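Being a predicted model, the structure only gives us computed values, none of them experimental. Order of listing sets the numbers, starting from 1, for every ligand and every atom in it. Atoms considered below: every heavy atom in the structure, side chains included; atoms not considered: hydrogens, waters and symmetry mates.
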Amino acid sequence: MTTKKTRITDLLGIEYPIIQGGMAWIAEHTLAAAVTNAGGLGLIAGGSAPIDYLREQIRLTKAAVGGKPFGVNIMLMSPNAEELAQLVIDEGVPVVTTGAGNPGKYMAAWKEAGIKVIPVIPSVGLAKRMERAGADAVVAEGTESGGHIGENTTMCLVPQVVDALEIPVIAAGGIADGRGIAASLMLGAEGVQVGTRFLASEECQIHPTYKELVVKAKDTDSVVTGRSTGHPCRNVKTRFSKKLASGEMNGSITPDEFEELTLGSLRKAVKDGNLEEGSFLCGAIAGMVNDIKPAKEIIEEMFAQAEELLSK
Ligand code: TUI
């Protein structure tokens, strides 16, 4: 069995069936280009960045990948989603992934423009809706993921989504080595989306404090905040994230106060490494990420390990 050729590699025209997570504030052109040039699909995160900045990121990535495919992730709760939905068409972006909402209203225009559309979904119901709306594939993202999460786990969600859909499924949440790839393929997925492992890549331009937190994290070092607001987010455990989570739980922080405390907190983590007020989003697999290396090495090692496991 080969881990490398699936409907996802055919669909996207890539060598390895791996796509990079569209991590808001984090996934910019150096990381996206490194993942694409290593044979995966690199992504630029739209987040809530200004459109002119994102146009520049798209052009820088395009210039660095020499015709190889890359994508843009559109966070649908963001105020710039509408504008970004048009920008990807205007700039000829080949692939779009979406998160934190239903991209249905943009689907026709993206398909018309020849864009491959891959919504990230946390449930079977949403996956089915996305297939009916014309999605080319979906990312089934388990609650092990970093950032904004659903309730179901990767192990439970992926096979149920695979059974419910005809289009290919990409597994996400808790995948950081070849064992995770092999397991995902066994669950019926035809590719993986990886975020946390790439936080500790050389090309990822987050603050050194952020990388250090990920590399030093143990298995129990992630915590979910934002449950009280209806937007749960998985973070590295810090004094700040622990204070938020316990304050939400015992009612000493109201949902409005939570929103106020976390406004701009991702930027404070990524740009400033601010441990007092920053939200260091990361997946539950951070405990297994112990070193910083080039994205190309990460990808090649993951697939070599998966290949070896599956050939046994
Ligand atoms: O979107 C993500 N991960 C993210 S987005 C983000 S930025 C953010 N900041 C503050 C609050 C919320 C987000 C950081 N991490 N992953 C994909 C994902 N999509 N997870 C869950 C969903 C999702 C949730 C509801 C997708 C669709 C959905 O649909 C609801 C509907 O409209 O039916």
Side-chain angles (χ1 to χ4, degrees), residues 19-28 43-49 54 71-81 84 96-107 117-133 135 137-154 157-158 161 169-175 192-196 198-199 206 210 222-236 241 244-245 248 255-256 258-270 277-284 286:
I19 76 173
Q20 171 221 317
M23 302 169 283
W25 280 100
I26 296 171
E28 43 61 83
L43 286 183
I44 301 158
S48 43
L54 291 169
V72 169
N73 175 264
I74 303 184
M75 211 277 273
L76 294 162
M77 273 167 44
S78 155
N80 75 2
L84 185 50
V96 164
T97 69
T98 63
N102 181 346
K105 68 172 174 174
Y106 304 118
M107 207 70 107
V117 184
I118 310 183
V120 180
I121 49 86
S123 69
V124 170
L126 209 56
K128 283 179 161 171
R129 263 157 65 198
M130 294 300 98
E131 181 173 67
R132 279 200 299 273
V138 295
V139 175
E141 194 181 89
T143 197
E144 296 91 325
S145 302
H148 182 44
I149 47 173
E151 291 292 342
N152 213 341
T153 62
T154 306
L157 179 65
V158 171
V161 174
V169 176
I170 296 168
I175 302 162
V192 292
Q193 176 189 272
V194 170
T196 301
F198 288 126
L199 289 175
I206 53 177
Y210 199 151
S222 88
V223 60
V224 177
T225 60
R227 291 211 188 273
S228 67
T229 67
H231 303 301
C233 265
R234 188 178 298 283
N235 309 248
V236 185
S241 60
L244 289 174
E248 286 183 281
D256 281 352
F258 180 92
E259 297 288 5
E260 213 170 290
L261 283 166
T262 54
L263 189 70
S265 64
L266 185 51
R267 187 192 58 73
K268 288 176 188 168
V270 173
E277 298 173 343
S279 293
F280 296 83
L281 304 187
C282 85

- Collect the protein residues that have a non-hydrogen atom under 4.0 Å from ligand 1 and hand them over in chain and number order.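 Under the 4.0 Å cut-off, ligand 1 touches M75, M77, G99, A100, G101, N102, V120, P122, L126, R129, E141, G147, H148, L281.
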Does a side-chain heavy-atom distance below 4.5 Å link [X] with [Y]?
{"X": "L281", "Y": "W25", "result": "no"}
{"X": "I206", "Y": "F280", "result": "no"}
{"X": "T98", "Y": "Y106", "result": "no"}

Side-chain polar contacts of residues 125-132 - donor-acceptor pairs under 3.5 angstrom, sequence neighbours left out - could you list them?
{"unit_1": "E131", "atom_1": "OE2", "unit_2": "E166", "atom_2": "N", "d": "2.6"}
{"unit_1": "E131", "atom_1": "OE2", "unit_2": "I167", "atom_2": "N", "d": "2.9"}

- Task: For the pair I118 and Q193, evaluate side chain to side chain contact (heavy atoms under 4.5 Å, CB included) and give the outcome as yes or no after the intermediate values.
- Result: CA-CA 11 Å; I118 310 183; Q193 176 189 272; over 6 Å; no
- Query: Can you check whether G173's main-chain N or O pairs, donor with acceptor, with T154's side chain at less than 3.5 Å?
  - Reply: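 Between the backbone of G173 and the side chain of T154 there is a qualifying donor-acceptor contact (under 3.5 Å).
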